[in-house]
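What follows is a short report on a single structure.
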Amino acid sequence: MNKKIAVIRGDGIGPEIVNQALLVLDKIAEKFGHSFEYDDVDMGGCAIDKWGDPLPKEMLDKCIASDSVLLGAVGGKKWDGVPGNMRPEKGLLRLRAGMGVYSNNRPAKIWRQLAQASPLKQSIVDKGIDFIIVRELIGGIYFGTHKTETVDGEKKATDILEYSESEIERIGRIGFETARKRGKRLCSVEKSNVLDSSRLWKSIMHRLAEEYPDVQLSDMLVDNCAMQIVKDPSQFDVIVTENMFGDILSDEASMITGSIGMIPSSSLGNTTCGLYEPIHGSAPDIAGMDIANPIGTVLSAAMMLRFSFDMAAEADAIEAAVDKVLTAGYRTGDIMPSDANEAKSCKRVGCSEMGRLIVEAI
Ligand code: NAD
């Protein structure tokens with residue numbers, strides 16, 4: 001199969017981790033007889049420096065014309081002072097909106113080899129952590145009107161949180177469909193005790209539940225959900241929630257699995273052209289040091305093969321290779337055991353060495 005992949009290396013550790021994922025994809029192409037063509041796209045701080053725009057239109061067009069997009073991360077201190085609509089992250093929001101990818105799926109799964117890296121008590125981890133957060137990605141407060149004005153001599157800032165029935169229904173369906181393919185339990189997370197948008201959200205989820213009698217729907221307030229994720233994450237199968245709640249809860253969920261560097265994500269809309277990226281940022285504190293963990297990006301590439309290219313065996317091969325490398329004790333710094341005794345059985349490796357080991361294991 002021939003596939004055209006738009007590649008956004010971005011800023012900070014972005015180029016280092018994406019390069020490892022491309023080596024893994026090259027190995028998959030060689031082993032399974034595919035051809036992957038990479039089309040470089042500038043986005044984020046590097047695009048501001050080069051083009052004066054975090055996502056020039058031609059760059060967005062390249063992404064839309066591709067079979068899927070692989071992204072590292074964008075942003076960094078250098079661009080902190082630029083106006084809001086020109087920030088590197090604005091490029092990312094424009095990319096998501098431009099591609100129409102309204103559903104972000106983030107697995108929170110603990111790798112058995114890294115169980116000790118979870119900050120949770122062993123007794124909680126032993127019950128298992130394996131759930132998915134389905135987050136609405138192109139609506140809600142991040143896409144509402146933002147304004148800062150001076151009223152009666154003081155500054156006042158406003159951000160509007162809006163959701164329409166159709167926006168809620170389409171993400172709700174993804175939640176139910178995802179649950180249907182897994183443990184058939186869907187938890188809808190909102191703040192219906194305070195927000196109108198959440199009351200609408202809840203009513204639509206219950207209307208949809210009638211179409212999915214095989215899926216057990218439950219409701220949870222977002223503040224309770226934040227507690228339950230650390231108290232007993234084994235209770236969750238699929239969580240569906242709106243943009244901002246999903247942003248916050250998915251970072252929390254990633255942390256309980258050990259390291260933010262391990263978690264991939266997929267964002268999809270109505271076509272198979274998806275956006276695949278690790279959930280972490282550009283980690284400027286470790287950029288250029290060859291110590292970043294590339295596994296979140298490598299697993300994002302595996303998700304691309306599985307969900308956009310229908311290449312399940314190829315995705316399995318990548319995931320099995322990661323499993324093998326972890327079992328052999330190889331660890332980047334972020335997943336090294338903090339206990340000195342446990343660390344003795346592990347080998348610390350850098351970003352490019354971790355990539356090489358995964359390629360070798362394939
Ligand atoms: P971050 O995720 O970049 O880093 C948080 C911490 O995790 C840091 O200590 C970092 O070193 C570590 N870390 C992250 N990824 C790692 C990896 N692969 N391997 C090892 N350690 C890793 O979050 P931040 O520091 O809040 O943000 C840094 C920049 O990234 C900011 O400019 C922010 O706006 C941007 N950001 C971008 C995205 C994106 O591109 N999708 C997402 C979040 C943040």
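Numbering of ligands and ligand atoms starts at 1, following listing order.
The pair Glu211-Arg173 counts as a salt bridge, with a side-chain nitrogen and a carboxylate oxygen less than 4.0 angstrom apart. Taking 4.0 Å as the cut-off between side-chain N and carboxylate O, Lys127 and Asp232 count as a salt-bridged pair.
With hydrogens and angles disregarded, a donor-acceptor distance shorter than 3.5 Å links the side chain of Arg87 to the backbone of Asp80.
In terms of heavy-atom proximity, Ala29 sits nearest to Phe36 at CB-CD1, 3.8 Å.
The cationic atom of Arg170 (NZ for Lys, CZ for Arg) lies less than 6.0 Å from the six-membered ring centre of Tyr102 and within 45° of the ring axis.
With sequence neighbours excluded, no residue satisfies side-chain hydrogen bond (donor to acceptor under 3.5 Å, both in side chains) with Trp111.
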Anything under 3.5 Å between an N or O on ligand 1 and a protein N or O? List each pair with its distance, or write none.
residue: ligand 1; atom: 2 (O); partner: Gly281; partner atom: N; Å: 2.7
residue: ligand 1; atom: 3 (O); partner: Gly281; partner atom: N; Å: 3.4
residue: ligand 1; atom: 3 (O); partner: Ser282; partner atom: N; Å: 3.3
residue: ligand 1; atom: 3 (O); partner: Ala283; partner atom: N; Å: 2.8
residue: ligand 1; atom: 9 (O); partner: Asp285; partner atom: OD2; Å: 3.0
residue: ligand 1; atom: 11 (O); partner: Asp285; partner atom: OD1; Å: 2.9
residue: ligand 1; atom: 11 (O); partner: Asp285; partner atom: OD2; Å: 3.0
residue: ligand 1; atom: 15 (N); partner: His280; partner atom: ND1; Å: 3.3
residue: ligand 1; atom: 18 (N); partner: His280; partner atom: NE2; Å: 3.2
residue: ligand 1; atom: 18 (N); partner: Asn293; partner atom: O; Å: 3.0
residue: ligand 1; atom: 19 (N); partner: Asn293; partner atom: N; Å: 2.9
residue: ligand 1; atom: 30 (O); partner: Ser282; partner atom: N; Å: 3.1
residue: ligand 1; atom: 30 (O); partner: Ser282; partner atom: OG; Å: 3.2
residue: ligand 1; atom: 32 (O); partner: Gly76; partner atom: N; Å: 3.1
residue: ligand 1; atom: 32 (O); partner: Glu89; partner atom: OE2; Å: 3.4
residue: ligand 1; atom: 34 (O); partner: Glu89; partner atom: OE2; Å: 2.4
residue: ligand 1; atom: 40 (O); partner: Val74; partner atom: N; Å: 2.9
residue: ligand 1; atom: 41 (N); partner: Glu277; partner atom: OE1; Å: 3.4

